[in-house]
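Reading through the structure tokens given below for one structure.
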Amino acid sequence: MTERAPSDRVSDLALIRRVQQGDRSAFDLLVIKYQHKIIKLIMRYVRDPSEALDVAQEAFLKAYRAAPSFRGDSAFYTWLYRITINTAKNHLVAAGRRPAYYALDLQDPEQYEVFAKLKDLDTPEGLTLSEELRQTINKAMHDLPEDLRTAILLREIEGMSYDEIAQTMECPVGTVRSRIFRAREAIDKRISPLL
């Protein structure tokens with residue numbers, strides 16, 4: 001994934017300013033723009049699609065209600081992301097559950113370079129190794145402390161820049177780099193015996 005272009009941020013800011021002036025249709029445009037991304041994000045926590053849609057609706061409603069307080073210090077999506085994660089976590093707490101394992105697309109070389117080492121996934125051995133790697137990475141991700149897990153997910157799955165992650169996690173960029181490094185190191189340690 002690539003970092004969002006500055007023009008996206010400007011158009012989001014223009015839309016949110018219109019929302020702040022009472023234009024509900026401007027918020028509809030933001031929902032249309034980000035709904036698939038938000039649902040995909042929620043599905044990492046809530047596996048049931050109909051539940052995920054409910055959580056997404058709640059997150060967008062919270063964002064709409066909080067729109068007057070949006071100052072533009074961060075990108076709109078960064079702000080919306082934070083609201084969505086909190087809404088998903090609150091939903092899980094209310095339901096008395098822990099977050100589900102993260103479903104990572106391990107065949108995407110941008111997410112994990114280790115798959116470059118797998119020559120042929122169509123063989124029975126390759127498929128077995130692929131599934132074992134997927135399970136090992138999911139378990140390694142699940143076992144990470146939440147700050148490391150969040151940082152690596154924002155970087156590898158959401159494709160956020162270090163600056164965007166720092167804004168989202170409300171910490172310095174150096175801390176983000178350290179968390180991502182430690183997360184990658186922990187995951188590498190778990191999967192290296194398989195490779």
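Of the inter-residue distances, the one linking Thr87 atom OG1 with Phe60 atom CZ reads 10.5 Å to the nearest 0.5 angstrom. A distance of 10.0 Å separates CG of Leu29 from OG of Ser11, quoted to the nearest 0.5 Å. In this structure, the separation between OG on Ser74 and CG on Asp163 is 12.0 Å, given to the nearest 0.5 Å. Atoms CZ and CZ, on Phe27 and Arg65 in that order, are 11.0 Å from each other to the nearest 0.5 Å. Put simply, CE on Met43 and CG on Leu41 are 11.5 Å apart, with the number rounded to the nearest 0.5 Å.
Between Ile39 and Ala56, the shortest heavy-atom distance links the atoms CG1-CB, 3.8 Å. Contact detail for Ala166 and Pro172: the closest heavy-atom pair is CB-C, 4.1 Å. Closest approach of Ala140 and Ile187 over heavy atoms only: CB-CG1, 4.1 Å.
Considering only heavy atoms from C-beta on, Ile165 comes within 4.5 Å of Ile180 through its side chain. Counting only heavy atoms from C-beta outward, the side chains of Leu13 and Phe76 never approach each other to under 4.5 Å. In this structure the side chain of Ile38 never reaches within 4.5 angstrom of the side chain of Gln57, judged on heavy atoms. In this structure, Glu58 and Asn90 have side chains that are not in contact, with every pair of non-hydrogen atoms separated by 4.5 Å or more. At least one side-chain heavy atom of Asp143 sits less than 4.5 Å from a side-chain heavy atom of Arg190. A heavy-atom distance below 4.5 Å is found between the side chains of Tyr162 and Arg155. Side-chain contact between Ile152 and Arg179 is absent, with no heavy atoms from C-beta onward closer than 4.5 Å.
In the hydrophobic cluster analysis, where Ile, Leu, Val, Met, Phe, Trp and Tyr join through side-chain heavy atoms closer than 4.5 angstrom, Val173 is grouped together with Leu153.
At least one donor-acceptor pair under 3.5 Å links the side chain of Thr84 to the backbone N or O of Leu80. Remark: the backbone N or O of Phe70 is paired with a side-chain donor or acceptor of Gln20 at under 3.5 angstrom. Looking only at distances, a side-chain donor or acceptor of Arg82 sits under 3.5 Å from a matching main-chain atom of Thr168. The main-chain N or O of His142 is found under 3.5 Å from a side-chain atom of Arg149 such that the two form a donor-acceptor pair. Here the side chain of Thr175 pairs no donor or acceptor atom with the backbone of Cys171 at under 3.5 angstrom.
Partners of Arg71 by salt bridge (charged side-chain N to carboxylate O under 4.0 Å, His left out), not counting sequence neighbours, listed by chain and number: Asp73. Under the side chain to side chain contact (heavy atoms under 4.5 Å, CB included) criterion, Ala26 pairs with Leu15, Arg18, Val19, Asp23, not counting sequence neighbours. Checked against side chain to side chain contact (heavy atoms under 4.5 Å, CB included), Thr150 has the following partners two or more places apart in sequence or in another chain: Glu146, Leu154, Met169.
Just one of Met160, Lys37, Gln167 meets the side chain to side chain contact (heavy atoms under 4.5 Å, CB included) condition when paired with Tyr81; it is Met160.
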Practice problem: Check the pair His91 / Ile42 against side chain to side chain contact (heavy atoms under 4.5 Å, CB included), numbers first and verdict last. | Solution: CA-CA 10 Å; His91 174 80; Ile42 293 168; over 6 Å; no

Exercise. Evaluate side chain to side chain contact (heavy atoms under 4.5 Å, CB included) for Tyr34 paired with Asp12, printing each intermediate quantity in order.
Key: CA-CA 11 Å; Tyr34 290 111; Asp12 287 353; 2.3 Å; yes

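Note on Glu185 versus Lys189: no salt bridge recorded, every NZ/NE/NH1/NH2 to OD/OE distance being 4.0 Å or above. Taking a cutoff of 4.0 Å between a charged side-chain nitrogen and a carboxylate oxygen, Arg24 and Asp28 do not qualify as a salt bridge.
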